[in-house]
Every structure is written in C-alpha cells, then in structure tokens.
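Below: one structure, written as structure tokens.
Numbers restart at 1 for each chain; the letters A, B, ... are given by sequence-line order, proteins then strands. Below, each value reflects all heavy atoms present in this structure, side chains not excepted, and no hydrogens, waters or symmetry copies.
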Amino acid sequence: METFQSLLRNELARALGAAGLPPAGEVTPATDARFGDYQTNAALILAKQRGENPRQLAQKIIDHLSVDDLAEPPTIAGPGFINFALKPDALAEQAGQLLRDDRLGVARAEKRHRIVIDFGSPNVAKPMHVGHIRSLVLGDALARIATFLGHDVIRDNHIGDWGTQFGMVIYGWKNLLDRAALARDPIAELVRIYKTANELGKSDPAVLDACRNELVKLQAGDEENLSIWNECVALSTREFEAAYDILDIHYDIQRGESFYNDRLPAVVDRLLQSGVAEMSEGAVCVFFRDIPELAERPCIVRKSDGGFNYATTDVATIDYRIRDLGADTVWIETGAPQQLHFRQIFEIARREGYTADFRHITHGSILGEDRKLMKTRSGENVALRDVLDEAVVRARKIVEQKNPDLAEEEKNAIAQTIGIGAVKYADLSQYRMTDYIFSWDRMLSLQGNTAPYLQNAYVRIRSIFRKAGEEFVLPAELVLTEPAEFNLAKRLTQFAEIVPQVLNDFRPNLLANYLFELANAFHAFYEACPVLKADEPARATRLALCELAARTLQQGLDLLGIDVPEKM
RNA sequence: GCGCCCAUAGCUCAGCCGGAUAGAGCAUCGGAUUUCUAAUCCGACGGUCGCAGGUUCGAGUCCUGCUGGGCGCGCCA
C-alpha cells in the first residue's frame, strides 16, 4: 500500500507533466498545522529555474492536480507553497488499510541489497565497556531496519582477536596466571595479567623481550601459544554472548581479525602488482596523491619489518565481504576516531575496482555528567555489564514503587524490559554524531522522550484490551470525529513514511522522534476520548486506533531493538 | 601545520535533501483526576541558531574566514 506522501508525490509528478512542467520539488509533511497536512515547494523550485512568478506557477500546478479523494482543494500559501489538508474519510480509510497490513504500510525497498553490517566488534581479553553501547545499539537498530525493509543483512562481529596485546597476555598466562581468579571472572584475570605484564615490561626490558617473543611464536603457529590464544578467545566469546543475550543483539557470523591472517600476504602482493601500493622507506604503502586531504596521509599495508597491520586486515576484510559473502553494500559502525582509516581503506577498495557501496557510520562519545568521557572514579572504563545491571536495578525500584502488587517474577521481567530499553533508547533518540551525556535520571524518567514513556503508551493500550476482555475485531469502517482521533490517525499513517528515511543518513533518532510524537498523540487521545465507554461507532473506531497504535509502537520499538512490557 | 566532527532556550536535545513566525523534553509557574495505568494531559514563561562575510526570492541548513571544544594524522588497533 502507498503512503499519503507517495500518493501525493505521484499525483504531483503527473500534474507537473500535464502542465508541461519538468519534475521538481517534493511533498513533505506540513511544517505547521496551520498549513494543513502536507505541502510541496515545487512551484518555488520551478519559479527559480524559469524566472517566473511562483504563485502563478503554483496555480498552474493546482489546475492540473486532482486529489479530491485524498484531500480538500489544495491552497497556495506564502511565497508559493501548495498545501494539502487530508480529508477525515481518507485518513480513516488509510488507517483501516494499515490494520489489514502486517507491515503497517512500510514498503519493501525497491532494490534488495546484500548488506554486511560490522558493528560492536569488541576486543578479546578486554572487558566490554560503556563505549561499546553506541556501536552495538546503533548497528543493531540499523540492521533491524534494513532487514525489515527487505534487505539481505549479514551481521558480522569483527572481533579484535589478533592484536599485539597477545604477546603480553600469553606471557602473563605463562608466568602470572591465577587459575582460581580465572575461573571466577575470566576477563578480569586476563586484564590483570595483561596489565601486570605491561607494567613489568616497562621497567624490565627482559620481560618486554619475552612478551615480544611470545607474540612472534604465536604468529609463527607455536602450538602452546595457539592453544592459550584459543582459550582466551573462547573465554571472551562466552563473555560477549552473555552481554548479547541481555541486550538481545545477535550476529549472523563472527569473523575476527585472525580469520584473515592467511589472506594478508596475497592482499599485499596484489596491491603491489596492480600498482595501487608501492614500497616506501621499507614499508608497503598506498598513497593518495590525487586527493588533497589524503595527499600527505599514506596508508601502510605492510610494515618495514614485514609484518601486517590492521589496514592489511581491513583490506582483506573488504575482499571477503564482497567476494565470499557477495555483499554489494558494507556498513561499518565505529567511533569517529577511525574516520581517516576507513576513508583510506574504502579508497583502496575503489582503486582495486570494487564498486560496492561502502559506508563508515560513526558516532560521538558517551560522556559522564561532568561532560568528560565516562569513567569510573578510579579512571577506568565503566564496564558494560555494570551499566546494564544498574539500569535493571534502577528500573526495578521504580516498578516496585509504582506497581507493588505485581508478582516478583513479573516485576523482574518488567524491570529488565524497561531498564535495557531505557539505555538503548537514550542512545538511539539522539543524533548519532553528537556526544551524549549519560544520565540515569533522564533516561529512566517517566516523562519526556524516553523508553518508559513510549512503553507506557503501549501498556495503557494493553490495559484497555484486558479490561474489554474481547478480541480485537476490525470494524467495517472507521469514523473519525474528534481532533484527537484525527491527529492520532494521521501520526499512525506516517510510520511508513519515516522508517525508510532512517537509512538515508543512518538516523534511528528520526524513528525515535516519530515514536515519541506518536506516543504523545496517543496519550492526548487517551485523555480526550474514552474508549470502552464510548457509543458506537466511536467505540469500535477508538479500539481500532488503539490496536493500530499498539502495533505501531511495538513494531517501531522493535526496529530499535527495544521490547515492550504488557504491564508496568 | 593539515584533516574530520561538533557549537540551536537555564539544562538535555530535534530540526534528512535550503522553505513559511526555529521546535520538543526537563526545570520553573498555572490548570485538569466520580473516567480504560496521573508512569498522563492542557497552558504559560523561555532564542543575537558560536562570530563575521557571501550565494539565494528565501540560510539553523550551502560556501569562505574566524573563535571555542573533541578526535585524528607513516610502521598500535
């Protein structure tokens, strides 16, 4: 089914053609209720191109428009906008259709892409910390939305499992390991031996040498070191999985850096042979002399000691995703500091002839309430698990306060849904590039643009249906009379317009903002329009609006990776 | 030195391709509950969109310069 926006857009295109005018402008939701529901600036654009009077052109366009079944007669306003006000009947009809559509009106993408999404990507032998939240939550939401739009999405966990840190970890494992501590908290012990080895190495060159030696042995395939390494990867993976379960974020494949090891020599040979790379000061480099910003920033793909680095791995990773996985689109979600690196990697890929759509999707940092990078009092990164645990504990207290009569088990489940949802939503409701200030009080607030506010709108609807004690039956016809009904219905029809927009510039916050406005429209409707006590046909119409609002909230939150409770 | 990102109400933030008198939430103040979850709703107050130029019928949005903050820049990832 089509959205009002696309119906009007098509009609505009037809009218322009009929008027002998070229396609121009766009149809957008009205910026203000006074201007109706939709508007187009087509006349303004054409007037500029042709040096004609915009209002006269607008009239000419209107003369060819036929939107009687959707809207009141279009009007000209301001410098030459054409405004459309939807007819209540058209809105009611559209809402009825949405209820019959299990996609809530969201069209599948015209072209189905195979998209590899790389996000999260934690390091082995290190704890996941609060900084991983953004990449995880943003990447997951984008993956969910792309999947819903019909794309073939492969979620790839590109874990850091082959860094130079393993020299120290293996040295520590052999000389410093406390088995009991490892059994208790594997990652904490791995971090401890890594840090201790690092400290020792600073004061004792012999230790530093020993660490280097362990790394060389690992890279040469030494059996003992490989088995220690394997154990570290397994322990870390178990830890990651626990976090993924809590967050309900899951991957299709996990191809860590080590996966690409045996492909690296061939990558460099190929780059040299094709002339993309060249020798420089003993290293193999790619220069970008024709790109001003990159002219003085070469990318090293093989160090002068013959070793490979992460650039080599990332070139190999691009290869794999396109050749082996068949991707035509690659999205990499990481923090902003890696922008230069991926710019280089993508440029190398283009020079190798790859035409896939590469996107580096970056995000800002999470700051503490002191506006500095979020750290514990002792200056450590805040552990991801601690954040998630505290979110649930805090949510649990609120549930206890507001709804003490629920069963313990139910309270726990609700606290989980609200707490985790709040953490995710706080991140997703904000434009990804801006740094955001982490605040428990704000994200768990019951008012404002928060997950609990949206979840509450859903819960109120579920409560109505529980009270009604009846299955939802779609009425033959919806009849909209009250302004609050009209506003809610209009919001509901816009879900299908918003969802695809998110992928334009990777902005899940557009969807979050929409859902907030929808919840707002629902709450206003809830206050103004009794549902169960209303007479027919208002009662059936209002139940239908409730049903559609519940489904839209649930679907929208699900696309953000957020669950809804039945009670709270 | 060069490059990337950011700067909007007291606070936290929206504002995608340039569009009409720049919007929310929080906070503050004032209202609303015999009613389906008041975990809500309605209203008021609050702005030199960092500064200065430029392009345009029209600039928070695009261009140039500047200021302030964050990050990055040849052998870590």
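For the OP1/OP2 pair of B:A24 and a distance below 4.0 Å, the side-chain nitrogens and oxygens of A:Y453 include no atom meeting the criterion. Between B:C16 and A:N509, no contact under 4.0 Å exists linking OP1 or OP2 to a side-chain N or O. The phosphate of B:C57 has neither OP1 nor OP2 within less than 4.0 Å of any side-chain N or O from A:K48. Proximity of A:Q430 to the phosphate of B:C13: a side-chain N or O atom is located under 4.0 Å from OP1 or OP2. In terms of phosphate contacts, A:N456 brings no side-chain nitrogen or oxygen within less than 4.0 Å of OP1 or OP2 of B:U40. In this structure, A:R507 reaches the B:G15 phosphate: one of its side-chain N or O atoms is under 4.0 Å from OP1 or OP2. In this model, the phosphate group of B:A39 is not approached by any side-chain N or O of A:Q455 to a distance below 4.0 Å at OP1 or OP2.
Base pairing in RNA chain B gives the following stems of 3 or more Watson-Crick or G-U pairs, range against range and under 3.5 Å: B:1-7 with B:67-73, B:10-13 with B:23-26, B:28-32 with B:40-44, B:50-54 with B:62-66.
Ion pairing of A:R539 with A:E470 is present here, as a side-chain N (NZ or NE/NH1/NH2) and a carboxylate O approach within less than 4.0 Å. For the pair A:E278 and A:R289, the salt-bridge criterion is met [side-chain N within less than 4.0 Å of a carboxylate O]. Ionic pairing of A:E199 and A:K195 is not present here: no N-O contact between side-chain nitrogen and carboxylate oxygen is shorter than 4.0 angstrom. A salt bridge links A:D505 to A:R432: at least one charged side-chain nitrogen sits closer than 4.0 Å to a carboxylate oxygen. Of the charged side-chain nitrogens involved, at least one lies within less than 4.0 Å of a carboxylate oxygen, so that A:R134 and A:D427 count as a salt-bridged pair. A:K372 has no carboxylate O lying under 4.0 Å from a charged side-chain N of A:D370, or vice versa, which leaves the two without a salt bridge.
The C1' atoms of B:C45 and B:G68 are separated by 30 Å, rounded to the nearest whole Å. Distance check on atom C1': B:C6 versus B:C51 gives 16 Å, rounded to whole Å. Nucleotides B:U61 and B:A22 place their P atoms 14 Å apart, quoted to the nearest Å.
Contact of the A:N509 side chain with the A:V502 side chain is not registered, since no non-hydrogen atoms from C-beta on lie closer than 4.5 Å.
Rounded to an integer number of Å, the gap from A:H523 NE2 to B:U33 P is 19 Å. Taking atom OH on A:Y425 and atom P on B:A14, their separation rounds to 12 Å, with Å as the unit. Atom CG in A:N449 sits about 14 Å away from atom C1' in B:G15, given to the nearest Å. The OH-P distance, from A:Y458 to B:A39, rounds to 20 Å in whole Å. Summarising the geometry, the separation between OH on A:Y526 and C1' on B:A39 is reported as 11 Å, rounded to the nearest angstrom.
Residues passing the side chain to side chain contact (heavy atoms under 4.5 Å, CB included) test with A:R396, sequence neighbours excluded: A:E400, A:E408, A:K411, A:N412, A:A415.
As judged by a 4.0 angstrom heavy-atom cut-off over every strand, A:R34 is placed among the base-contacting residues.
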Quiz item: Where along nucleotides 64-77 of chain B does protein come under 4.0 Å, by heavy atom, of base (B) or sugar-phosphate alone (S), with - for untouched nucleotides?
Solution: -------SBBBBSB

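A donor N or O paired with an acceptor N or O is not found under 3.5 Å between the base of B:C4 and the side-chain atoms of A:E293.
Across A:F259, A:F308, A:Y260, A:W229, a single residue satisfies side chain to side chain contact (heavy atoms under 4.5 Å, CB included) together with A:W162, and that is A:W229.
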